[in-house]
Amino acid sequence: MSADLLYTEVEEDLRAAVRRVLRDRCEIGSVLARCESGEPYDLALWRTLAGELGVAALAVPEESGGSGAGVRELAVVAEELGRAVAPVPFLGTVLATAALQAAEATEPIPGIAAGERVATVAVGLTTAPSAPLPSGVRAEGGKLTGSVTAVVDLEVADLVLVPATGPDGTGLHLVDTADPGVVRNPVTPLDLTRRFGTLELSGASGELIAADAEPVLRRALLTAAGVLAAEQVGLAQHCLDSTVDYVRTRHQFGRAIGSFQAVKHRLADLWSGVSTARATSRAAADALTREEPDGETELSVALAQAYCSDLAVLAAEESLQLHGGIGMTWEHPVHLYLGRAKSAQLTFGTADRHRARIAELAGLPA
Amino acid sequence: MTDADELRTAVRDFLAEHDPGGDRLEFLRARFDAGLAWVNYPVGLGGRDAPRALQPVVDAEFAAAGAPDNAPSRNGIGLGMAAPTILRFGTDEQRARYLRPLWTGEEVWCQLFSEPGAGSDLAALATRAVRDSDDWIVEGQKVWTSFAHRAQWAILVARSDPDAPKHKGLTYFVCDMTDPNVDVRPLRQITGEAEFNEVFLNGVRIPDSQRLGEVGQGWQVAMGTLMNERVAIGGGSAGRESGMIGVLAEQWRAHPEARTPGAHDRLLRLWVEAEATRLTGQRLRQQLALGTPGPEGSAVKLAFSRLNQEISGFEVELLGEEGLAYDDWTLRRPENVDFTGRGPGYRYLRAKGNSIEGGTSEVLRNVIAERVLGLPPEIRTDKDVPWKELPR
């Protein structure tokens with residue numbers, strides 16, 4: 001059966017609802033102002049998105065406390081959040097809910113779904129779905145010690161899923177960040193709208209939720225990488241749309257700069273790239289929803305990441321260039337998009353790493 | 001409205017009365033008369049006013065019965081471009097005369113649009129049509145005409161009023177290709193073969209009854225034809241590694257001695273681009289099936305042109321001494337372009353045409369920028385000037 005690459009009516013309704021909330025509550029000027037404040041994340045907005053629109057647990061079945069939709073719907077939400085570079089703990093939530101689901105640990109999900117508690121997974125943000133997993137935490141008698149770097153959404157997380165190695169192998173543990181053995185060290189991020197930090201554990205309590213962390217984390221990373229591709233498509237679409245609007249109104253040499261063929265051709269190529277990225281992103285979301293055989297889903301996600309992560313950077317860079325001098329200023333939001341796109345290019349593996357994985361999966365050896 | 005089950009029943013009833021193993025032409029004519037040729041066409045013209053999306057149901061039923069098909073690739077211009085244009089702009093007499101033998105393949109069609117002086121700028125064409133009582137006398141030269149050497153009929157655009165601006169003085173005709181004043185010569189290409197022809201129209205007399213649309217409305221009719229061309233592109237649902245990337249991937253697997261890190265990186269980049277473009281085409285077909293075609297066809301054409309050129313160039317490099325050789329320079333007259341049936345050198349040379357034929361990449365980018373993104377149009381100095389005053 002071939003993938004359904006379109007959007008369903010339900011998905012378009014969900015998109016419209018998310019877009020409405022973001023238009024009212026996530027205007028780009030307020031995002032820019034917030035990113036230098038003491039509260040870079042807008043958790044009130046997140047509670048609305050999670051609690052009222054249910055975006056936090058779209059891909060979790062109803063019997064496990066989710067809304068029983070799928071990764072396809074989650075991807076549509078990601079597109080909208082990408083368009084708005086919304087400062088909400090979305091990616092950590094995607095990782096955590098996918099991991100909890102894979103581990104069949106449903107108890108924390110209702111609180112996460114309601115937006116009352118924020119969760120993330122202690123895996124470095126640049127880890128590709130097939131890359132080695134972190135091994136810096138040891139588990140002894142239910143107490144965890146060690147550290148993990150580049151944990152996304154860490155500073156606002158109430159819960160962290162931590163892989164930790166003990167005598168019986170590497171298990172996945174649920175840790176409450178209020179535990180006195182937990183220290184969180186935020187890193188100043190290139191992407192002002194998505195934060196990460198180092199998790200340090202010194203005898204923190206952990207509840208074992210999966211005896212073998214490996215398959216659980218693989219599934220979580222694969223899901224999140226597929227969803228990230230949709231976020232990249234949304235970001236690229238916004239960069240294209242806002243740039244087209246700008247070149248139609250900005251006049252130089254006595255005419256709109258969008259009437260110059262050099263400008264038109266760059267934007268036509270960018271539009272083609274966004275169209276192509278959208279097809280790959282839809283294919284990945286569809287494969288994750290339908291749970292194709294593992295290799296097929298992995299190939300779909302690797303393809304989407306190999307294409308969308310570079311395309312999003314191109315879109316942001318073209319946007320900056322075609323905005324000219326104003327694009328280089330702090331007050332113009334294009335730098336927020338560039339920071340998000342460039343960081344997302346590294347997130348869950350660069351395009352080059354995904355191509356290397358494709359070489360293995362498609363039988364194209366070096 | 002006709003549904004799939006009714007069509008299946010109609011085909012089975014038809015097959016009960018007509019032996020698919022009998023005379024091919026008689027079978028096809030009967031299929032047309034039964035309204036089972038192109039189901040979206042009107043009753044009496046080979047169809048039954050059914051949705052176009054139901055055509056595969058009928059084709060599958062006939063194929064399963066081992067019935068002959070109408071060899072659509074032999075008459076691609078006729079089926080893809082001439083037929084929809086005749087249906088939309090033709091008179092009842094013209095529809096009744098042309099559509100049946102067109103569909104059965106008894107009469108092959110070609111298209112006389114492009115000229116040496118009017119390629120991308122089609123409205124600049126100079127072939128003249130001068131009224132002479134009930135006839136028109138046509139004089140000029142056309143180029144890039146596939147099937148001209150086998151065609152019975154051509155759709156033709158000619159200039160009927162040189163005093164009008166270039167888009168307004170054109171008229172659209174059906175031209176008899178067997179007329180002795182039509183001279184067809186093979187146009188040899190850089191590949192050595194001749195897919196196309198040059199056509200010289202040496203005072204060809206065309207009855208006014210073979211005019212399609214009003215005098216001076218040729219541009220509008222031609223645009224209708226070219227829209228149909230774009231719908232016709234993008235058919236067929238191909239799987240992973242289909243087309244040129246599949247050829248390259250097989251060469252890679254077969255030639256471990258040719259592999260280098262740089263070549264591996266290029267291969268994977270091309271593989272990703274090809275697969276992403278294939279999915280874009282698949283998405284476009286899904287939109288078409290729902291009756292809501294998006295503009296992605298332009299993106300797919302741009303991407304395929306570039307990819308085919310990069311892939312074929314890379315393949316020649318990868319093959320070393322084999323890449324230095326060429327399979328056959330003799331002047332062939334192929335039925336269809338066959339990228340995969342020829343050697344890497346042929347693929348390299350033929351792919352150069354992909355960014356020129358059917359709209360150059362440069363023109364396509366303007367189309368996307370203006371019609372999809374709504375950017376200001378190119379400055380047009382030729383717009384309201386009489387055609388005869390334009391520099392040529």
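Lettering of chains follows the sequences in order, A, B, ..., and the numbering in each one begins at 1.
- In B:Ile379, the CD1 atom is not crowded: 12 or fewer heavy atoms of neighbouring residues, nucleotides or ligands sit closer than 6.0 Å.
- Atom CD of B:Glu257 has more than 12 neighbouring heavy atoms from other residues, nucleotides or ligands inside a 6.0 Å radius.
- Looking at A:Ser272 and B:Ile368, their side chains come closer than 4.5 Å, going by heavy atoms from C-beta outward.
- Across all their heavy atoms, A:Val244 and B:Leu373 have their closest contact at CG1-O, 3.4 Å.
- For a residue to count as touching a neighbouring chain, one of its non-hydrogen atoms must lie under 4.5 Å from one of that chain's; by this rule A:Arg266 does not touch chain B.
- Contacts between A:Ala304 and chain B at a heavy-atom distance below 4.5 Å are absent for every atom of the residue.
- Taking CG of A:Asp352 as the start and CG of B:Leu268 as the end, the distance is 8.5 Å to the nearest 0.5 Å.
- Using a cutoff of 4.0 Å between basic side-chain nitrogens and carboxylate oxygens, A:Lys264 and B:Glu362 are not scored as salt-bridged.
- For B:Gln287, the parts lying under 4.5 angstrom from a heavy atom of chain A are both the backbone and the side chain.
- Residues B:Trp271 and A:Arg355 form no side-chain contact, since every pair of their non-hydrogen atoms from C-beta on lies 4.5 Å or further apart.
- The greatest number of non-hydrogen atom pairs below 4.5 Å with chain A, out of B:Pro295, B:Pro376, B:Ala369, is found for B:Pro376.
- When every heavy atom of B:Thr277 is checked against every heavy atom of A:Thr276, the shortest pair comes out as N-CG2, 4.0 Å.
- Heavy atoms from other residues, nucleotides or ligands lying under 6.0 Å from CZ of B:Phe314 number more than 12.
- B:Lys352 NZ: more than 12 foreign heavy atoms inside a 6.0 Å radius.
- A:Ala256 touches chain B through its side chain: at least one heavy atom from C-beta onward sits under 4.5 Å away, while N, CA, C and O do not.
- In this structure, the portion of B:Arg240 lying under 4.5 Å from any heavy atom of chain A is its side chain and not its backbone.
- In this structure, the portions of B:Arg283 lying under 4.5 Å from any heavy atom of chain A include both its backbone and its side chain.
- Contact between B:Gln286 and A:Leu5 at its shortest, heavy atoms only, is OE1-N, 2.8 Å.
- B:Trp252 and A:Leu364 get closest at one heavy-atom pair: NE1-C, 3.9 Å.
- Using a 4.5 Å cut-off between heavy atoms, B:Ala303 makes no contact with chain A at all.
- With respect to the salt-bridge test (charged N to carboxylate O, under 4.0 angstrom), the residues A:Arg278 and B:Glu296 do not qualify.
- Each of B:Leu302, B:Asn366, B:Val372 has some count of heavy-atom pairs under 4.5 Å with chain A, and the biggest count is that of B:Asn366.
- Considering every non-hydrogen atom in both B:Gln282 and A:Ala3, the closest pair reads NE2-O, 3.8 Å.
- Contacts between A:Ala283 and chain B at a heavy-atom distance below 4.5 Å involve the side chain alone, from C-beta outward.
- Nearest heavy atom pair, residue A:Ser275 against residue B:Thr280, reads O-CG2, 4.1 Å.
- Contact count versus chain B (heavy atoms, under 4.5 Å) is highest, among A:Leu6, A:Leu267, A:Thr280, for A:Leu6.
- Remark: B:Glu273 CD to A:Tyr307 OH distance equals 5.0 Å, nearest 0.5 Å.
- Residue A:Leu299 touches chain B through its side chain alone, counting heavy-atom pairs closer than 4.5 Å.
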